[in-house]
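Below is one structure, written out as structure tokens, with a few remarks after it.
Sequence lines set the chain letters: A, B, ... in the order given, protein chains first and strands last, and positions in each chain run from 1.
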Number of protein chains: 2
Amino acid sequence: MGAKPGRATDAVESLPSRREEILDAAAEAFMTLGFAATSIDSICAALGLTKGSVYYHFRSKSDLFFAVHRRAMERTRVALTGAAPDAPPAERLHAMAFAHAMLIMEHLPDLRVAALGLEMHLMVRTTAAERADLEELVALRDANERLYVAVIEEGVARGVFRKVDPRLASKPLLGALNWTSRWYQPRPRQRRADRAAIATELADFVLGGLLHRSTC
Amino acid sequence: MGAKPGRATDAVESLPSRREEILDAAAEAFMTLGFAATSIDSICAALGLTKGSVYYHFRSKSDLFFAVHRRAMERTRVALTGAAPDAPPAERLHAMAFAHAMLIMEHLPDLRVAALGLEMHLMVRTTAAERADLEELVALRDANERLYVAVIEEGVARGVFRKVDPRLASKPLLGALNWTSRWYQPRPRQRRADRAAIATELADFVLGGLLHRSTC
DNA sequence: CCCTTTCGACATACCGGGTAGTATAGTAGC
DNA sequence: GCTACTATACTACCCGGTATGTCGAAAGGG
């Protein structure tokens, strides 16, 4: 089933499709078991492939993990930058958080792998090439975090947010959202509207964490 | 250095002391590398012991991991139940979040290991005894979560919090706090007052996420 | 239109290193 | 000598990575 092996027609789409299939399976496995406990063989078994195939598309297990991570970061960046970019700070932050929460629920494996973190792998002895990949991913993650920091700064400057340290305030904000990848599990009968309700609650929560208290 | 081997005096304190030493080293290692990537030998090396000693005190690597986890859950329970138990909901929630954040910063290894989660290890094939331990830990974690749910329920009932689903609202709350174990790293010159400032910010954030908006 | 060559995309077999766990022996206090 | 604790030596096993084989599809020439 699926694409026949060896065909080079539709090269535009079928060539990356195998890669994406492996990425999907890897994200599933990493999400469930974590990096160290996931074996390449288990990923292969889920696909009906063998190690030769995986190591044809990816240089190493770390490379595969990084690729999953990179995809998650890119998806996050697209979601955040596309969320009401011209709205005032409060509306924009709400839109960003909503989009972020929706993204996590709809691409759970990728985003959960990303939420597992990179720091843990910085400690293990790595090759120079892996270090470079790691630093690139850290940069991507920091760039996404800065999108939040920027909107918080603007909100504080305009007086619609409390006087907080934007960098510090971004931490619980990201925690509240990223934590979703830990407790959310999709239900069979759940539709987009259900996820939207959850995402709205989460966005309300993080926005409320920055607004002025109702001490009127 | 440290306690001499073989002594049984001060049995009240020295007996658990070795166990606690191993637990501390294990928490450090698990925090840095994760469960699967941490070897018993590396824990032993950090203590100047060998595997024989560790396997005398703990039946298995999982047992050691569970013990770290259990200690974290117990510490969390103590911190949460001791935080302004008789204050009204808003003050109590703020006190709980503050105590929680302080606990994470002051017992980073334990709490970070706990934040790594249990679900990941539920998937791997485990023995029946390990399953029992796992379910006990899940129960402890859920009990702590329910402490937050209860105060949210009370706050909603009294009208001081927004009309939220308490169980759902507890998720971003816990995420905002637990995430601290991911980004916080203690600085040499940092004192209790510095941590308290951070904890106050975090508690303000999660409390603000539940209060009514300032739409006056 | 046919045969041969080349190449992309996998499978198979294997090695080497690391590691959880065990079995056993040793050592210090009571 | 008994008990509590620790060190040493060893085994069985899993897993990442590699070296090599296979097979079908494009490519190319006549």
Choosing from [options], which nucleotide comes nearest the side chain of [X]?
X	options	answer
Y56(A)	dG17(D), dC10(C), dA4(D)	dC10(C)
R18(B)	dA11(C), dG16(D), dT6(D)	dT6(D)
S53(A)	dA11(C), dG16(D), dC5(D)	dA11(C)
S39(A)	dC15(D), dA4(D), dA11(C)	dC15(D)

Check your understanding: Looking across every strand, which nucleic acid part, if any, lies under 4.0 Å from S62(A) by heavy atom: base, sugar-phosphate, or nothing?
Key -> nothing
Exercise for review: Ignoring hydrogens and angles, tell me if any N or O in the side chain of T76(B) forms a donor-acceptor pair with the backbone of A72(B) under 3.5 Å.
Suggested key: yes
Review point. So, the side chain of S53(B) versus the backbone of T50(B): is there a donor-acceptor pair under 3.5 Å, distance only?
Key: no
Please write out the pairs of protein N or O atoms and N or O atoms of nucleotides 11-13 of chain D separated by less than 3.5 Å, giving the distance to one decimal.
none

Rounded to the nearest angstrom, tell me the gap between atom [atom1] in [X] and atom [atom2] in [N].
X	N	atom1	atom2	answer
I40(B)	dA9(D)	CD1	P	20 Å
I43(B)	dG21(C)	CD1	P	11 Å
K61(B)	dC14(D)	NZ	C1'	13 Å
H57(B)	dA4(D)	NE2	C1'	9 Å
E130(A)	dG16(D)	CD	P	13 Å
E21(B)	dC5(D)	CD	P	13 Å
L47(B)	dC5(D)	CG	C1'	15 Å

For the pair [X] and [Y], find out whether any cationic side-chain nitrogen is under 4.0 Å from an anionic carboxylate oxygen.
X	Y	answer
K171(A)	E201(B)	no
R167(A)	E145(A)	no
D24(B)	R71(B)	yes

Revision key, fill the gap. Readout for nucleotides 22-27 of chain C: B = base within 4.0 Å of protein heavy atom, S = sugar-phosphate only, - = neither; 5' to 3' it is B-----
Check your understanding: Is the closest side-chain heavy-atom distance between H69(B) and M73(B) below 4.5 Å?
Key -> yes
Would you say [Y] and [X] are linked by a side-chain donor-acceptor pair, where the criterion is simply a distance under 3.5 Å?
X	Y	answer
D204(B)	H94(B)	yes
E153(A)	Y148(A)	no
R18(A)	H57(A)	no

Review point. Closer to the 5' end of DNA chain D via nearest nucleotide, is it D41(A) or T50(B)?
Key: T50(B)
